[in-house]
Amino acid sequence: MQKFTTMTGLVAPLDRANVDTDQIIPKQFLKSIKRTGFGVNLFDEWRYLDEGYPGQDNSVRPLNTEFVLNQARYQGAQVLLARQNFGCGSSREHAPWALDEYGFRTVISSSFADIFFNNCFKNGLLPVVLSEAELDQLFKECEAGEGYALTIDLAAQEVRTPSGAAFSFEVDAFRKHCLIKGLDDIGLTLQDADAISSFEVKARAARPWVFNALAR
Amino acid sequence: MAGKTLYDKLWEDHEVTRRDDGSSLIYIDRHLLHEVTSPQAFEGLKLAGRKPWRLDANVATPDHNVPTESVERAGGVAAIADVTSRIQVQTLNDNCNDFGVVEFTINDIRQGIVHVVGPEQGLTLPGMTVVCGDSHTATHGAFACLAHGIGTSEVEHVLATQCLIQKKSKNMLVRVDGVLGAGVTPKDVVLAIIAKIGTAGGNGHAIEFGGQVFRDMSMEGRMTVCNMAIEAGARVGMVAADDKTIAYFEGRPYAPTGEQWAGAVAYWQTLHSDNDAVFDTTVIIDGSTIAPQVSWGTSPEMVVPITANVPTPADARDAVQRSSFERAYEYMGLTAGQAITDIYLDRVFIGSCTNSRIEDLRAAAVVAKGRKVASSIKQALVVPGSGLVKQQAESEGLHTIFIEAGFEWREPGCSMCLAMNADKLGSGEHCASTSNRNFEGRQGNGGRTHLVSPAMAAAAAIAGHFVDVRSF
Ligand code: SF4
């Protein structure tokens, strides 16, 4: 997993509440059996005027010039400003894969849906929760002038604005540790293999029916 | 000390270790897999040279991509016309064969939507932790399970370690008291709950559905309600176990028998919140006030009773919701204040893991019997949730009722719930759908979804527009 320490990046504002994972990456692209290739179809239904399908040449598709990510001033954005309940809907990890591949390293919102939030951390993407008031301020500043960039400092748990204001955010210690070090969850969990095995011995005695062999 | 909630009990019984930072390793009893969210997880295992921790915890079935037309379906995987879908279903077969995972393949009578299949086979049992790379895994909470959706990295994590790293959620009780009116179904109850608490209302919480209405509800109905907990923002929705829960599993293929059965029942009887349990949040609804519901907008909280009108911007609770309303009017092609009964439909879809079980098909058939689908309806689909549901429905003659009324009777799968196969809406088309999500484009690019119960969907198919099934 890629590490996340401190980054400064251009900000793109997506001023909509309840952006769901069907919007982030529509289902037709979920037919892929790979982990890559989703970035070009991020927000496909908003980004393009026609209906997208997997494997097509996206460079010739008509763009929706009104959609924020298609505006010249937001090209190369690495920070996505979003509204409440971002990432609601399905559990598809293709959503963080698409955001990451497009180039976003962090999404800032006032709240996230639980599964999406969790999936971000597995992919080196940092979801940052700020208050509504702080978010309002960032949206205003971002829309006011071109080239608006924010610094996200995970170690200090701070978002810093160009004018020097700093907003702190919460992050769970274990997730922070994994992101900063770029650690693989599975490897870490397997360090507890003995504990898992002894749990199984206990659980098997208490609830043997859970452990029955499955015949085909 | 206060008593424990059902969630507290399930959590404690599955906690392997707790770390200093407050996260826990939670043991997973049952892992269900389907073709869309598993390929990258199996690939990850292979690349790392890892083996599944406990093979017998895993069961797979393809559902999202499978064709539902009988001719295409009859040819099995090789006959799936859409190449990318075919590769995905074939990849599931290959992975299950390579790793030795039990799979109910495309034309096995036990195949179906993963959340219908698990309980039907007795693979989901009360008190289990159940996960699947699919957000509607909350469905299994109907059996007093701790069940929730996970992402693909977690699918790989469960395969490799049989555990998940979790932080405990808060406890929320949604209590629906009283008795439901005639024509009011579990789907209406859950839509009314989401309308009340909002799509983020349950974020960070495990919801327990309690109260008389859920005690009176069938297991199928409880599954419908728990299925949509995720639409209220909660990964977990649960109902306490009772005699109905236990009776449901008697004789199921993978349910315990003999001495094991007796032990299981004794344990299952403890699966309820203690009387003095404390919930972080409690919501109380009077069940007798719930009418049949219809979603008008593009979020599952944009729901009103059939007797109401499309809300106006003035009805929004804040500026953010007002702007969502305005976007939704435009996307849905509706006018603020128009009557719900004036919404005309192009297609009707009866199916999905929310409403494709036998009880749902019976409720729709009662309405369809002896009537005809309106000529203005382009297509009305009935898609059973599994091969066994289809077989049961056919033995009761429900398929004949549907076909005579002008519905299409299909093979089991997710179908038009998310339109990954050929079943989808055209741009601008309105659909009365028994599924769970009315997001923009969910049922096809530009499609307009209205969430309703099976009875309301059948009535809308006959009338051509929404009608109150209570006076139908
Ligand atoms: S029926 Fe719909 S919601 Fe249910 S698992 Fe299939 S796609 Fe998901």
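All heavy atoms count here, side chains included; hydrogens, waters and symmetry mates do not. Note on naming: letters A, B, ... go to the chains in the order of the sequence lines (proteins, then strands), and numbering restarts at 1 for each one.
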Is [X] in contact with chain A via its backbone, its side chain, both, or neither, using a 4.5 Å heavy-atom distance?
X: B:Asn58; result: backbone
X: B:Val158; result: neither
X: B:Asn65; result: side chain
X: B:Arg442; result: both
X: B:Val59; result: side chain
X: B:Ile150; result: backbone
X: B:Thr91; result: side chain

Specify which of [options] makes the most heavy-atom pairs with chain A at under 4.5 Å.
options: B:Ser299, B:Gly446, B:Ala419; value: B:Ala419
options: B:Ser324, B:Gly233, B:Pro253, B:Gly204; value: B:Gly204
options: B:Ser323, B:Ala264, B:Ala160, B:Pro39; value: B:Ala264
options: B:Trp261, B:Tyr254, B:Trp53, B:Phe42; value: B:Trp53
options: B:Thr199, B:Leu123, B:Ile230, B:Thr17; value: B:Thr199
options: B:Glu43, B:Glu231, B:His157, B:Arg235; value: B:His157

Heavy-atom pairs under 4.5 Å with chain B: which of [options] has the most?
options: A:Glu51, A:Glu45, A:Gln28, A:Arg207; value: A:Arg207
options: A:Ser32, A:Ser111, A:Ala203, A:Pro54; value: A:Ser32
options: A:Asp192, A:Asp172, A:Asp20, A:Val210; value: A:Asp20
options: A:Thr21, A:Asn18, A:Asp15, A:Leu30; value: A:Leu30

How long is the straight-line distance from [atom2] of [Y] back to [atom1] of [X], given to the nearest 0.5 Å?
X: B:Ile26; Y: B:His14; atom1: CD1; atom2: NE2; result: 8.5 Å
X: B:Ser85; Y: B:Ile80; atom1: OG; atom2: CD1; result: 6.5 Å
X: B:Phe325; Y: B:Met302; atom1: CZ; atom2: CE; result: 5.5 Å

Does a donor on one side chain sit under 3.5 Å from an acceptor on the other, for [X] and [Y]?
X: A:Gln157; Y: A:Ser168; answer: no
X: B:Ser153; Y: A:Glu93; answer: yes
X: B:His148; Y: B:Glu154; answer: no
X: A:Asn212; Y: B:Gln260; answer: yes
X: B:Thr298; Y: B:Glu440; answer: no

Interface moiety of [X] toward chain B, non-hydrogen atoms closer than 4.5 Å:
X: A:Arg83; answer: neither
X: A:Thr36; answer: neither
X: A:His94; answer: side chain
X: A:Asp185; answer: both
X: A:Ala215; answer: backbone
X: A:Ala213; answer: both
X: A:Gln23; answer: side chain
X: A:Lys34; answer: backbone
X: A:Pro26; answer: neither

For [X] and [Y], which heavy atoms make the closest approach, and how far apart are they?
X: A:Lys27; Y: B:Gln443; answer: NZ-N, 4.1 Å
X: B:Glu156; Y: B:Gln40; answer: OE1-O, 4.1 Å
X: A:Phe67; Y: A:Arg47; answer: CD2-CA, 3.8 Å

Answer yes or no: does atom [atom1] of [X] have more than 12 heavy-atom neighbours from other residues, nucleotides or ligands under 6.0 Å?
X: B:Asp20; atom1: CG; answer: no
X: B:Arg18; atom1: CZ; answer: no
X: B:Lys167; atom1: NZ; answer: yes

Exercise. May I ask you to list the residues in residues 116-136 of chain A that approach chain B closer than 4.5 angstrom, counting heavy atoms only, ordered by number?
Key: A:Asn118, A:Asn119, A:Lys122, A:Asn123
Quiz prompt | Close side-chain approach of A:Phe104 to A:Val79, heavy-atom, < 4.5 Å | solution =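 The answer is no; the side chains never approach within 4.5 Å.
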Quiz item: Can you check whether A:Leu150 reaches A:Thr161 side chain to side chain, under 4.5 Å on heavy atoms?
Solution: yes
Quiz item: In terms of the angle between their ring planes, are A:Phe199 and B:Tyr27 parallel, tilted or perpendicular, with boundaries placed at 30° and 60°?
Solution: tilted
Quiz item: So, is the end of the A:Arg92 side chain (NZ or CZ) under 6.0 Å from the ring centre of A:Phe29 and within 45° of the ring's axis?
Solution: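 Checked: cation-pi criterion not met.
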Self-check item: From CA spacing to verdict: side chain to side chain donor-acceptor pair (under 3.5 Å), A:Gln2, A:Asp100
Solution: CA-CA 10 Å; A:Gln2 67 175 328; A:Asp100 173 55; 2.8 Å; yes
